[in-house]
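To start, the structure itself, in structure tokens.
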Protein chains: 2
Amino acid sequence: MNQKQLQSEQTKKKIAVAARALFVQKGYKATSIEDIVGATGSSKGNIYYHFKSKEGLFLFLIEEWDHEWELNWKQSEHLYNTTTEKLYAVAEQLATDDLNHPLTKAADEFFHNEEKTSEVESRMAEMNAKHLAFNQKLLQEGIDSGEFKPGDAERLAVVLEAIFFGANHLSRSLAPDKTTILYRDAVTVFLDGVAEE
Amino acid sequence: MNQKQLQSEQTKKKIAVAARALFVQKGYKATSIEDIVGATGSSKGNIYYHFKSKEGLFLFLIEEWDHEWELNWKQSEHLYNTTTEKLYAVAEQLATDDLNHPLTKAADEFFHNEEKTSEVESRMAEMNAKHLAFNQKLLQEGIDSGEFKPGDAERLAVVLEAIFFGANHLSRSLAPDKTTILYRDAVTVFLDGVAEE
DNA sequence: CACAATACTGACTGAACGTTCGGTATAGAT
DNA sequence: ATCTATACCGAACGTTCAGTCAGTATTGTG
């Protein structure tokens with residue numbers, strides 16, 4: 001890799017970092033390309049040289065983030081023995097991730113906005129499916145080991161995803177320390193329910 | 001009420017109905033005032049005569065809808081004896097409500113968009129608090145009656161809200177018949193958990 | 001040095017959109 | 001009949017913003 005390619009890569013990274021900060025702070029729609037220009041010192045044209053579109057730039061960030069999350073998890077998963085422990089650990093990671101990397105807010109503002117190219121739609125679906133598969137695998141593990149009651153892991157995966165998604169949403173209007181509590185409570189309820197036996 | 005006032009009220013209603021249909025169909029941002037003009041035959045100016053702003057119009061619809069929901073619930077609550085039954089009934093109502101009145105989609109697109117006037121923000125908070133209070137009351141009822149385990153109804157209310165919110169979100173990429181199943185599953189998990197006792 | 005190829009610039013375009021405002025029509029009051 | 005308040009119209013305005021493009025600078029290559 002020569003000088004030029006290196007420089008180019010650094011520029012791209014610089015744009016990505018600045019854009020991420022802005023999206024996190026202001027949300028997707030409210031962040032204009034002009035804002036990113038202001039934050040990077042790069043020109044508008046240059047941003048479009050490195051990224052196909054605003055959408056493309058955002059998608060890039062999302063995927064980068066998802067990828068990082070996955071890596072983190074793979075590195076720490078072995079620390080937990082039971083599926084129950086793993087569930088709490090996932091919740092913990094999601095809770096702190098939402099605090100440190102709250103791209104999530106911008107993410108679902110983005111995903112909700114009507115104008116979705118077919119490419120975006122398919123990537124959304126892909127990511128969604130990945131999350132559900134992750135949940136399902138975890139739950140199936142718990143069922144097989146006898147920790148969890150026998151049940152349809154696929155359907156439960158959807159419920160779990162709903163819980164995490166909802167917790168993420170509600171946490172936005174919560175004090176930071178309440179967020180962790182909410183995620184923990186959510187997992188506890190998911191495990192034991194509220195009903196008297 | 002004279003002829004003029006009556007006419008005026010009908011016009012306002014007509015605008016509201018058309019706008020609701022459009023918001024439901026296309027979402028908040030994607031629905032332009034021009035669209036509403038097209039759908040009503042009323043002029044742009046007239047819309048602004050009856051409603052302060054696009055935001056104001058949408059807020060009006062949301063509150064109308066919330067109010068209707070509350071009425072419906074109050075009318076049917078007495079049909080259910082146990083809190084458990086009530087919970088399933090709420091889930092049922094939310095599930096079908098999402099199908100029949102999917103203003104929800106537009107609603108949280110709206111609520112997520114960065115540009116929130118302080119008035120909007122306070123109304124959001126108000127509605128949110130109302131939902132939590134509703135949940136809390138229901139859960140406290142169940143705890144007091146001995147149906148549910150002793151616990152912090154306030155914290156559980158947040159968890160329940162997260163579940164409903166998440167279910168609502170996920171249901172959008174689900175077949176209609178799966179929606180009801182998801183809501184039911186969610187309540188079942190909320191009640192009994194997944195863990196083996 | 002000449003010649004690309006790559007990296008970058010920023011003025012400009014064009015369209016979308018919410019809101020305003022000067023004006024008109026109509027119904028009720030005096 | 002005159003007046004006034006309310007209801008309604010729609011062209012125009014101002015702003016925002018993603019994306020383009022013709023051109024310039026910089027770096028690598030033969």
Side-chain angles (χ1 to χ4, degrees), chain A residues 1-20 22-23 25-61 106 109-110 113-120, chain B residues 1-20 22-23 25-61 106 109-110 113-120:
Chain A
M1 179 167 312
N2 57 34
Q3 175 71 22
K4 217 172 177 182
Q5 289 173 307
L6 195 84
Q7 176 64 28
S8 184
E9 218 171 68
Q10 282 176 348
T11 304
K12 187 171 181 179
K13 192 77 201 167
K14 195 175 74 180
I15 294 170
V17 168
R20 175 189 281 128
L22 284 165
F23 282 135
Q25 202 179 56
K26 315 180 55 174
Y28 177 72
K29 225 221 95 192
T31 298
S32 65
I33 302 292
E34 218 80 49
D35 288 336
I36 302 172
V37 167
T40 52
S42 264
S43 71
K44 218 174 187 182
N46 199 24
I47 293 169
Y48 277 90
Y49 177 76
H50 287 286
F51 298 95
K52 186 178 146 204
S53 63
K54 188 186 180 184
E55 216 171 82
L57 168 54
F58 191 73
L59 234 26
F60 174 85
L61 294 176
E109 180 204 337
F110 175 75
N113 259 15
E114 218 44 27
E115 330 109 15
K116 19 182 178 178
T117 324
S118 57
E119 194 209 340
V120 175
Chain B
M1 178 165 314
N2 57 36
Q3 174 73 22
K4 217 172 176 181
Q5 289 173 307
L6 194 84
Q7 175 65 29
S8 184
E9 218 171 68
Q10 282 176 348
T11 305
K12 187 172 181 178
K13 193 76 200 166
K14 194 174 72 180
I15 294 171
V17 168
R20 175 189 281 127
L22 284 165
F23 282 134
Q25 202 179 55
K26 315 180 56 174
Y28 177 72
K29 225 221 94 192
T31 299
S32 66
I33 302 292
E34 216 83 49
D35 288 337
I36 303 172
V37 167
T40 53
S42 264
S43 70
K44 233 173 183 181
N46 198 24
I47 292 169
Y48 278 89
Y49 177 78
H50 286 287
F51 299 95
K52 186 178 147 205
S53 62
K54 187 185 181 185
E55 215 171 82
L57 167 54
F58 191 73
L59 233 27
F60 174 85
L61 295 176
E109 180 204 336
F110 175 75
N113 260 16
E114 218 44 26
E115 330 110 15
K116 21 183 176 176
T117 323
S118 57
E119 195 209 339
V120 176

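Only heavy atoms go into these numbers, but all of them, side chains included; no hydrogens, no water, no symmetry mates. Each chain gets a letter, A, B and so on, in the order its sequence line appears, and its residues count up from 1.
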* To do: Look at the side-chain N and O atoms of B:Lys54 and state whether any lies under 4.0 Å from the OP1 or OP2 oxygen of C:dG18.
  => yes

* **Considering all heavy atoms, the nearest A:Leu57-A:Ala19 contact** => CD2-CB, 3.9 Å

* Structure fact -> Separation of C:dC17 atom C1' from B:Leu57 atom CG, nearest Å, is 15 Å

* Closest listed nucleotide, where the reference is the side chain of B:Tyr48 and the choices are C:dT20, D:dT6, C:dC8 -> C:dT20

* Asked: Where each residue is assigned the nucleotide of DNA chain C containing its nearest heavy atom, which of A:Glu34 and A:Gly41 is assigned the position nearer the 5′ end?
  -> A:Gly41

* To do: Report the distance from atom CD of B:Gln7 to atom C1' of D:dT6, rounded to the nearest whole Å.
  => 12 Å

* To do: Report yes if at least one side-chain N or O of A:Asn46 is closer than 4.0 Å to OP1 or OP2 of C:dA7; otherwise report no.
  => no

* C:dC17 C1' sits how many Å from B:Lys26 NZ, rounded? -> 12 Å

* Whole-Å gap separating P (C:dT19) and NZ (B:Lys52) -> 10 Å

* Return the value, rounded to whole Å, for the distance between atom CD1 of B:Ile33 and atom P of C:dA15. => 21 Å

* Structure fact -> Shortest non-hydrogen pair, B:Phe110 vs B:Glu55, comes out as CZ-CG, 3.4 Å

* How long is the line joining CD1 of B:Ile36 and P of C:dG18, in whole Å? -> 8 Å

* Integer-rounded Å distance: C:dC17 C1' and B:Asp35 CG -> 11 Å

* At under 4.0 Å, does any side-chain N or O of B:Ser8 touch on OP1 or OP2 of D:dA7? -> yes

* To do: State whether A:Tyr49 places a side-chain N or O below 4.0 Å from either non-bridging phosphate oxygen (OP1 or OP2) of C:dC8.
  => no

* Axial bend angle, the helix from C:dA4-D:dT27 to C:dT30-D:dA1: five-pair end segments, nearest 10° -> 10°

* Asked: Can you check whether A:Ile36's main-chain N or O pairs, donor with acceptor, with A:Lys44's side chain at less than 3.5 Å?
  -> no

* Structure fact -> Of all heavy-atom pairs linking A:Ala30 and A:Asp35, the shortest is O-OD2, 3.5 Å

* Test for a donor-acceptor pair under 3.5 Å between the base of C:dA11 and the side chain of A:Lys44, counting only N and O atoms. => no

* Identify the heavy atoms of A:Thr31 and A:Leu22 that sit nearest to each other, and give their distance. => OG1-O, 3.2 Å

* **d(CD, A:Gln10; P, C:dC8) in whole Å** => 10 Å

* To do: Output yes when at least one side-chain N/O atom of B:Thr11 is less than 4.0 Å from OP1 or OP2 of D:dC8, else no.
  => yes

* To do: Determine the minimum heavy-atom distance between A:Phe60 and A:Ala16, stating which atoms define it.
  => CE2-CB, 4.0 Å

* Asked: Under 4.0 Å: is that the gap between some side-chain N or O of B:His50 and OP1 or OP2 of D:dT6?
  -> no

* Please work out if A:Thr31 contacts a base, only the sugar-phosphate, or nothing of the nucleic acid, heavy-atom cut-off 4.0 Å. => sugar-phosphate

* If we only count heavy atoms from C-beta on, is the B:Ser42 to B:His50 side-chain gap below 4.5 Å? -> no

* **Nearest-nucleotide 5' precedence on DNA chain D, B:Gly45 against A:Ser32** => B:Gly45

* To do: Give the minimum heavy-atom separation between B:Ser43 and B:Val37, together with the two atoms involved.
  => C-CG2, 4.0 Å

